Number of protein chains: 2
Amino acid sequence: MTNIVSGNSLAEVAALIGDPARANILQALADGRALTAGELAWHAGVSAQTTSGHLAKLTEARFIALEKQGRHHYFRLASPEIATAMEALMIVAANGPRRYRPTGPKDQAMRTARTCYDHLAGWLAVTLADRLSARQFIVLSDGAAAVTEEGHRFFRDFGLNLDEPKNTRPLCRTCLDWSERRSHLAGRLGAGLCQRCLDLGWIKRGRDSRAVTFTPQGVEGFRDTFGITLP
Amino acid sequence: MTNIVSGNSLAEVAALIGDPARANILQALADGRALTAGELAWHAGVSAQTTSGHLAKLTEARFIALEKQGRHHYFRLASPEIATAMEALMIVAANGPRRYRPTGPKDQAMRTARTCYDHLAGWLAVTLADRLSARQFIVLSDGAAAVTEEGHRFFRDFGLNLDEPKNTRPLCRTCLDWSERRSHLAGRLGAGLCQRCLDLGWIKRGRDSRAVTFTPQGVEGFRDTFGITLP
DNA sequence: TGAATGCTTCGGCCGCGGCCGAAGCATTGG
DNA sequence: CCAATGCTTCGGCCGCGGCCGAAGCATTCA
């Protein structure tokens, strides 16, 4: 064996995600929100005891972080890297052999717009990246992304402060979308756009899904500000 | 359960990587070369029969592709997406709790320079990205990357044809390095650089490891062409 | 303080899946 | 055509790990 260390840790990390209950837990947390152990048990589809064991394993591996509030235990993803890894696995899953794939309304909503850790994904996010690129606010060159001068102005006017948590995270990076198979915006810009749209009341997070829904103001706002007509 | 489909496929994909034997197989293939079933059995550390079963599963999931040559069955990674997903998992593994991590010479060689699917990774690759960026041949802006005009000239002079398989792959994208925790170059540029260095005889692939070694010409070449002094 | 709620720990069951020996195909070479 | 090599299929063993019931803490509220 050439490299026992990395071999083992790769398998360990993947195995941790590879259990259906744990995968459900991680996906429930994929939008960046914190959920209680009970809520996660419901998402996982197993009992509270079993969930507790899974949560302990995920916590010990630092996939998720625990914050206690009274008798509630809130769990959230511990780092963007976990979300990135999950997204990378989803892309592999989407590339796999064709399989039974029920396309219900829930699934359709997910494909239209959803949150991905802290930014937007799905049709909306891909279209958004297109429009911003067409208007020269960002430059998407071969999978890479950068904000232009005009872009900085535009985003400032839109109410984003992109300078805030400087150097802690890339400003703007692309993230391959598993449903659209094209790039959308992540990084500080992606997160900021998502948060601003939530603050403006343009979109609302689903109750128990990563899918987001549009408010009437959102339909108007996306049309007027970004030139996007919702389907 | 909100989304049975994606939940299941995430778990399935991760579980497939999550077995130690299969993880070893995938890592053995991570440098993009094709290996026979027998060689992979050796890497996996299990018998030929068991390996055969693993290979069948990985093939059916389209993680790897089979090419028959006489009585030899050659397997290779089926797509860059698999390699990307593995790399993303390695990053999570590196971020995990500190653990016993033997740093032998093999490991040291891996950290200095190794192949990652079809491009270079490790200290060499990260330093290379730095130098190219400092000389304005590429622009690394916040995790994104683009080739400049001068860069195109420089790479052409170096013997790279970056126009060849156009539109099939991003020209230049960054890839987070698990050992250095910084970005190196992937995409067509990263693959081209790696291939060119191999063609020039600057580096050689290890026999049974992803680590690469430097030839005397390589030491000279990296110094004269890129201004990199090898450690 | 006692009951209710939320979560975890313990103990034991059980089934999935990895493992190998033996046997069965395919290809090559003498 | 037979032996050797490389790989796969079959069958059966076995252990790891996920699962739940019951019980045990911790916190909140009446």
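Since we're looking at a predicted model, the values are computed, not measured. Quick note on labels: first sequence line is chain A, next is B, and so on, each numbered from 1.
- Nucleotide C:dA4: paired with D:dT27 (Watson-Crick or G-U wobble, both distances less than 3.5 Å).
- The interatomic distance linking A:Glu67 (CD) with C:dG6 (C1') rounds to 16 Å, in whole Å.
- With sequence neighbours left out, B:Ala113 forms a side chain to side chain contact (heavy atoms under 4.5 Å, CB included) with B:Leu124, B:Val212, B:Phe214.
- Residue A:Thr36 places at least one side-chain N or O closer than 4.0 Å to OP1 or OP2 of C:dC7.
- As a whole-Å value, the separation of A:His72 NE2 from C:dT8 C1' is 15 Å.
- Near DNA chain C, meaning a heavy atom under 4.0 Å from it, residues 47-59 of chain A has A:Ala48, A:Gln49, A:Ser52 in order of number.
- Under the side chain to side chain contact (heavy atoms under 4.5 Å, CB included) criterion, A:Leu200 pairs with A:Phe158, A:Arg196, A:Trp202, not counting sequence neighbours.
- Atom-to-atom, CG of A:Leu35 to C1' of C:dC7 comes out at 15 Å; the value is rounded to the nearest Å.
- In terms of the side chain to side chain donor-acceptor pair (under 3.5 Å) criterion, residue partners of A:Ser79 (sequence neighbours excluded) are, by chain and number, A:Glu81.
- If you take CD1 of A:Ile25 and C1' of C:dC7, they are 13 Å apart, rounded to a whole angstrom.
- Under the rule for a side chain to side chain contact (heavy atoms under 4.5 Å, CB included), B:Ser52 has no partner lying at least two apart in sequence or in another chain.
- Taking atom CG of residue B:Leu16 and atom C1' of nucleotide C:dG18, one finds them 13 Å apart after rounding to whole Å.
- The CG atom of B:Leu40 sits 10 Å away from the P atom of D:dT8 (whole-angstrom rounding).
- One interatomic measurement links the two molecules: CG of A:Leu66 to P of C:dG6, which rounds to 17 Å at whole-angstrom precision.
- Scanning for salt bridge (charged side-chain N to carboxylate O under 4.0 Å, His left out) contacts around A:Arg22 gives an empty result, with sequence neighbours left out.
- Applying the side chain to side chain contact (heavy atoms under 4.5 Å, CB included) test to B:Ala37 and every residue at least two apart in sequence or in another chain returns B:Leu55, B:Phe75.
- Residue A:Ala21 has its side chain nearest to D:dC19 when only D:dC19, D:dG6, C:dG6 are considered.
- Residues passing the ring-ring contact (aromatic ring centres under 6.0 Å, His included) test with A:Phe155, sequence neighbours excluded: none.
- Counting heavy atoms from C-beta on, the side chains of A:Leu160 and A:Leu189 come closer than 4.5 Å.
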(request) Evaluate the criterion side-chain contact (heavy atoms from CB on, under 4.5 Å) for residue pair B:Glu39 and B:His72; output intermediate values, then yes/no. (result) CA-CA 10 Å; B:Glu39 291 168 322; B:His72 291 281; over 6 Å; no
(request) Heavy atoms under 4.0 Å is the rule here; annotate nucleotides 25-30 of chain D 5' to 3' with B where the base is hit, S where only the sugar-phosphate is, and - elsewhere. (result) --BB--
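- Under the Watson-Crick or G-U wobble criterion, with both distances below 3.5 Å, D:dC19 is paired with C:dG12.
- Between A:His73 and B:Asp19, the residue whose closest nucleotide on DNA chain C is further toward the 5' end is A:His73.
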